[in-house]
**Student:** 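I have a structure here, written as C-alpha cells, and I will follow up with some questions on it.
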Amino acid sequence: IVMISLASSASAQVRGWGLGVGVFDGDFGIQGRKDFWLGGDVSEITGQASVYFQSKTTFRLDADYHFIINPDKPSRFYPLVGIDFAFNSNAVKFGANAGGGVNFKLTEKTEAFGEVKYTFGSWDGWAITGGIYF
C-alpha cells in the first residue's frame, strides 16, 4: 500500500505507531505504520510495512508524504504521494503511490485513520486501509 516534498525543517519528529487492515486489489492484508513529522503541523512522511495474502504472500514497503490540509481540526485530511517496494518469492517490483486519507482523534493519545491510494507500477492497483494510532 502506499510518497515526497520539501520540508521546512531538516529534523523529523516521530509520532505514534499505527496498525491497520486493508485490501489491495481484492487481497486482504495487515499493516504497521510509523509517522515522522517534518517541522510544523502540515508535513509528514508515513512509513508502512504491509503483508497481503494472495496466491503468494506479498510484502509491501511504502513511504508516503502527507500534506495535512487542516492541522488544527480533530479530523485531519491529507493528499499523499510516495513510493512502493513490493516483493514475494517470485519477484521484486517498484511503484509510485497517489491518494488521500483522514486521521481523526478518538482520545488524547489515540487516533483512527482511513486511507485510499493507487499504486502505479508493475504490481499496480487500489489499496484501502483503515486502522488506529496509539
Side-chain angles (χ1 to χ4, degrees):
I1 305 189
V2 275
M3 344 235 200
I4 310 252
S5 180
L6 298 175
S8 61
S9 172
S11 64
Q13 292 180 346
V14 179
R15 197 169 96 181
W17 291 89
L19 291 174
V21 295
V23 176
F24 183 87
D25 259 6
D27 298 317
F28 174 78
I30 56 175
Q31 177 185 94
R33 56 173 48 205
K34 184 74 170 167
D35 288 353
F36 300 90
W37 288 93
L38 301 173
D41 293 333
V42 298
S43 213
E44 71 180 359
I45 291 185
T46 300
Q48 303 156 15
S50 306
V51 60
Y52 290 93
F53 306 100
Q54 50 199 50
S55 59
K56 290 198 178 284
T57 300
T58 301
F59 298 91
R60 299 186 91 92
L61 301 173
D62 295 274
D64 291 336
Y65 173 78
H66 297 177
F67 180 80
I68 310 299
I69 294 172
N70 54 342
D72 297 329
K73 304 286 185 189
S75 295
R76 295 181 324 246
F77 295 91
Y78 57 88
L80 69 84
V81 294
I83 57 174
D84 173 69
F85 172 71
F87 60 95
N88 64 22
S89 61
N90 289 341
V92 173
K93 310 273 179 150
F94 293 93
N97 299 322
V102 61
N103 291 355
F104 48 95
K105 283 194 178 281
L106 299 174
T107 68
E108 199 57 36
K109 295 184 178 186
T110 307
E111 292 183 3
F113 70 89
E115 192 170 273
V116 176
K117 64 183 170 184
Y118 189 81
T119 299
F120 301 88
S122 300
W123 282 341
D124 59 350
W126 287 98
I128 301 171
T129 307
I132 191 163
Y133 280 104
F134 46 91

**Student:** Quick one: CZ on Phe36 to NE2 on His66, what's the gap to the nearest 0.5 Å?
**Tutor:** 12.5 Å
**Student:** Looking at Ala127 and Phe24, what are the two nearest heavy atoms and their distance?
**Tutor:**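 In this case the closest contact between Ala127 and Phe24 is CB-CD1, 3.6 Å.
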**Student:** Who pairs with Asp27 by side chain to side chain donor-acceptor pair (under 3.5 Å), at least two apart in sequence or on another chain?
**Tutor:**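 Once residues adjacent in sequence are excluded, Asp27 has no partner under the side chain to side chain donor-acceptor pair (under 3.5 Å) criterion.
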**Student:** If you group Ile, Leu, Val, Met, Phe, Trp and Tyr by side-chain heavy-atom gaps below 4.5 Å, do Trp123 and Val51 land in one group?
**Tutor:** no
**Student:** Decide ring pair (Phe, Tyr, Trp, His ring centres under 6.0 Å) for Phe94 and Phe85; before the verdict, give the C-alpha distance in whole Å, the side-chain angles of both, and the deciding distance to 0.1 Å.
**Tutor:** CA-CA 5 Å; Phe94 293 93; Phe85 172 71; 5.1 Å; yes
**Student:** With distance as the sole test, does Asp25 use its side chain to make a donor-acceptor pair with the main-chain N or O of Trp126 at under 3.5 Å?
**Tutor:** yes
**Student:** State plainly whether one hydrophobic cluster holds both Phe113 and Ile132, where clusters connect Ile, Leu, Val, Met, Phe, Trp and Tyr through side-chain heavy atoms under 4.5 angstrom apart.
**Tutor:**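 Shared cluster, no.
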**Student:** Ignoring hydrogens, what is the shortest heavy-atom contact between Ser75 and Phe104? Give both atom names and the distance.
**Tutor:**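 For Ser75 versus Phe104, the nearest heavy atoms are OG-CB, 3.4 Å.
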**Student:** Do you know which two heavy atoms are closest between Gly16 and Lys34, and how far apart they sit?
**Tutor:**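 Of all heavy-atom pairs spanning Gly16 and Lys34, the closest is O-CD, 3.9 Å.
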**Student:** Between Phe67 and Ile45, is there shared hydrophobic-cluster membership here, with clusters defined by ILVMFWY side-chain heavy atoms closer than 4.5 Å?
**Tutor:**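 Shared cluster, yes.
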**Student:** Tell me if a side-chain donor or acceptor on Thr58 pairs with a main-chain N or O of Lys56 at a distance below 3.5 Å.
**Tutor:** yes
**Student:** Report yes or no: does Asp124 contribute a side-chain atom to a donor-acceptor pair with the main-chain N or O of Thr119 at less than 3.5 Å?
**Tutor:**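 Judged by distance alone, no pair lies under 3.5 Å.
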**Student:** Report the distance from atom CD1 of Ile69 to atom CZ of Arg76, rounding to the nearest 0.5 Å.
**Tutor:**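 Interatomic distance, Ile69 CD1 to Arg76 CZ, rounded to 0.5 Å: 12.0 Å.
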**Student:** Would Glu115 and Arg33 pass as an ion pair if we require N to O under 4.0 Å?
**Tutor:**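 Yes, this pair counts.
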**Student:** Measuring from atom CG of Asn103 to atom CG of Asp35, what distance do you get when rounded to the nearest 0.5 angstrom?
**Tutor:** 7.0 Å
**Student:** Are Phe53 and Val21 grouped together when hydrophobic residues (ILVMFWY) are joined by side-chain heavy atoms under 4.5 angstrom apart?
**Tutor:** yes
**Student:** What is the distance from atom CD of Glu44 to atom OH of Tyr65, rounded to the nearest 0.5 Å?
**Tutor:** 9.0 Å
**Student:** Which label fits Phe59 and Phe87: parallel for a plane angle under 30°, tilted from 30 to 60°, or perpendicular past 60°?
**Tutor:**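 It falls in the parallel class, under 30°.
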**Student:** Taking all atoms of both residues into account, what is the closest heavy-atom pair of Leu61 and Ala49, and its distance?
**Tutor:**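 For Leu61 and Ala49, the tightest heavy-atom pair comes out as CD2-CB, 3.8 Å.
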**Student:** If Ile, Leu, Val, Met, Phe, Trp and Tyr residues are connected whenever their side-chain heavy atoms lie under 4.5 Å apart, and connections chain through other members, are Val102 and Ile68 in the same group?
**Tutor:**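 In one cluster: no.
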**Student:** Students often mix this up, so state it plainly: with edges at 30° and 60°, are the rings of Tyr118 and Phe120 parallel, tilted or perpendicular?
**Tutor:**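 The arrangement is perpendicular - the two ring planes meet at more than 60°.
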